[in-house]
Protein chains: 2
Amino acid sequence: MCELLGMSANVPTDICFSFTGLAQRGGKTGPHKDGWGIAFYEGKGCRVFQDPQPSVDSPLAELVRTYPIRSHIVISHIRKANRGKVDLKNTHPFLRELWGSYWTFAHNGQLKGIKKEALGDYLPVGTTDSEYAFCWILSKLKKKFRTRPKDENLLSSEIRILLSQLGKKGVSNILLSDSKFLFAYCSTKLVYITRTAPFGEARLIDADMTVDFRKHTGQKDVVTVLATTPLTQNEIWTSFLPGEFQVWKEGKLILRYA
Amino acid sequence: MCELLGMSANVPTDICFSFTGLAQRGGKTGPHKDGWGIAFYEGKGCRVFQDPQPSVDSPLAELVRTYPIRSHIVISHIRKANRGKVDLKNTHPFLRELWGSYWTFAHNGQLKGIKKEALGDYLPVGTTDSEYAFCWILSKLKKKFRTRPKDENLLSSEIRILLSQLGKKGVSNILLSDSKFLFAYCSTKLVYITRTAPFGEARLIDADMTVDFRKHTGQKDVVTVLATTPLTQNEIWTSFLPGEFQVWKEGKLILRYA
């Protein structure tokens, strides 16, 4: 299995603290040493860092832990390979362009029979179930809507249906973004926390590190972090229900379906 | 204008030396300080590092200069903005998937009237002429060939025609790759050098740095580097002719049309 990390914020925010916790699980406090990746959205731009090496001793992960890249949406993944060998082409998050936006996708789980589903305009480059599932989602969306639908609820509803169809094929925890929204689907394990004023201190579970958010945030900041399991030991994280779908925008939960 | 750097090699090779030279031109020995990017192919996998900051003082560029990522094809670009503001979404190289492979594209020049051309399955995310041109190329290729043509000469010939059509719209020096080949088109400025045994020493023009390739290479290595202008002062680089198109594979020139 793998682990996921996501962020949605109303101001450009760095993820150094949370990523430090996650990266430990890539070979130190956790077994997810078959590569890792992270996508940062900055406006409509998106940059993805990927490394087939364990995150705990990757110079690139060291950079991501220490160089604050401020972003409004982040999707990250550390991998314990089950389907598809350890290889850059199999490293999440995956990226494609749809309707003039970059979409990224990270997945935790296994999807039985997904490769029997027909694809359309999007094809996988690697051999994972996960990338195949991502191409299937985008192929379906593009076939249904030649251009982006104006009604965002319609888009969310369509995505919810597709993600819950994947959920029926096995374990499937998903983070997906189009640069505007962060979509999350939980089949077995996903938690979140929203940090707003008054901010306090947080202490990582996986590393001896504490941050005082009062020193790094403004009064109006709203920052939500999603993860497979809680990353901090002194805060209360909320668990998703099995089958729950959430849509986040600027740190706020704007749609929930459980 | 911008500067380009490309590499094609028959063994996974790092680009630290050449990139060190290029990165100096991003704010120190050259004025190209409106961002930079680099795409590394490792098998079918591809990772792109991008930064809207000047390469000369970017921590990410520092990593690329010092952390040897071994690759068989590299495309890099440092930007001096003319069309499209300084922004991550406007930073080359651009990446898209076509026929189950990652394609990347970097461009130096300006293309008059390109945005009047109709696009198909690929849309730009940013506002540059260059990304628009890339989407136009891929849209044309996908429209003509639903799946990758078996005859690679046919593919090269089609790409040559598209790149020379772009060449008629203004200054247009291009590096393009599909993970198998490195395609290069020169409208005004592009040079290359192929290094094979017996290897010697090379000295950068833009930084006080010398490398002895004998210490880093095997007897059968073939490594070709392409750049806007020569990066080393003691080697002979060959200039492209205006309108010249080249296809490189594993360090070797396999097709040339001038």
Side-chain angles (χ1 to χ4, degrees), chain A residues 12 35 37 39-53 58-64 66-71 84-91 94-103 119-127 131-132 134-135 138-139 142 146-148 178-179, chain B residues 12 35 37 39-53 58-64 66-71 84-91 94-103 119-127 131-132 134-135 138-139 142 146-148 178-179:
Chain A
F40 294 94
Y41 284 94
E42 293 156 71
K44 287 197 76 180
C46 181
R47 44 180 158 175
V48 181
F49 297 90
Q50 290 170 319
D51 207 342
Q53 306 307 315
S58 152
L60 189 55
E62 166 74 21
L63 182 96
V64 174
T66 54
Y67 176 42
I69 295 177
R70 292 180 214 288
S71 178
K85 64 177 185 150
V86 178
D87 191 328
L88 181 60
K89 71 174 186 277
N90 290 335
T91 306
F94 301 103
L95 177 137
R96 295 290 188 277
E97 171 265 313
L98 168 65
W99 306 321
S101 294
Y102 290 122
W103 290 65
L119 299 177
D121 272 333
Y122 297 85
L123 296 178
V125 175
T127 54
E131 189 192 11
Y132 197 100
F134 180 40
C135 292
L138 298 187
S139 294
K142 190 157 176 183
R146 282 295 299 167
T147 55
R148 186 180 177 107
D178 65 342
S179 83
Chain B
F40 294 94
Y41 284 95
E42 292 154 71
K44 287 198 75 182
C46 181
R47 44 180 159 175
V48 181
F49 298 89
Q50 289 170 318
D51 208 342
Q53 306 308 315
S58 153
L60 189 55
E62 167 74 20
L63 181 95
V64 173
T66 54
Y67 176 42
I69 295 177
R70 293 181 213 288
S71 177
K85 64 175 184 150
V86 179
D87 192 329
L88 181 60
K89 71 174 186 279
N90 289 335
T91 305
F94 301 103
L95 177 137
R96 295 290 188 277
E97 172 264 314
L98 168 64
W99 306 321
S101 295
Y102 290 123
W103 290 65
L119 298 177
D121 272 333
Y122 297 86
L123 296 178
V125 174
T127 54
E131 189 192 11
Y132 197 101
F134 180 38
C135 293
L138 297 188
S139 294
K142 191 159 177 180
R146 280 296 298 168
T147 55
R148 187 180 175 107
D178 66 342
S179 83

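Here is the naming used below: chain letters follow the sequence lines, and residue numbers restart at 1 for every chain.
Residue contact with chain B, scored on non-hydrogen atoms closer than 4.5 Å, involves the backbone and the side chain of A/P59 alike. Proximity to chain A (any heavy atom under 4.5 Å) is shown, for B/Y102, by both the backbone and the side chain. Looking at A/C46, the atoms closer than 4.5 Å to chain B (heavy atoms on both sides) all sit in the backbone: N, CA, C or O.
For the set A/Q50, A/E62, A/K89, A/R47, the count of heavy-atom pairs under 4.5 angstrom toward chain B peaks at A/R47. The candidate with the highest count of non-hydrogen atom pairs below 4.5 Å against chain A, out of B/D87, B/D51, B/V48, B/L119, is B/D51.
Here CG of B/L63 is found 9.0 Å from CZ of A/F49. Values are rounded to the nearest 0.5 Å.
Shown here are the side-chain hydrogen bond (donor to acceptor under 3.5 Å, both in side chains) partners of B/Y41, two or more places apart in sequence or in another chain: B/T104.
Of the candidates A/T127, A/N90, A/L88, A/V125, A/V125 is the only one forming a side-chain contact (heavy atoms from CB on, under 4.5 Å) with B/K44.
With contacts defined as side-chain heavy-atom distances shorter than 4.5 Å, the pair B/K142/A/D121 qualifies.
In this structure, A/E97 contributes its side chain and B/L123 its backbone to a donor-acceptor pair below 3.5 Å.
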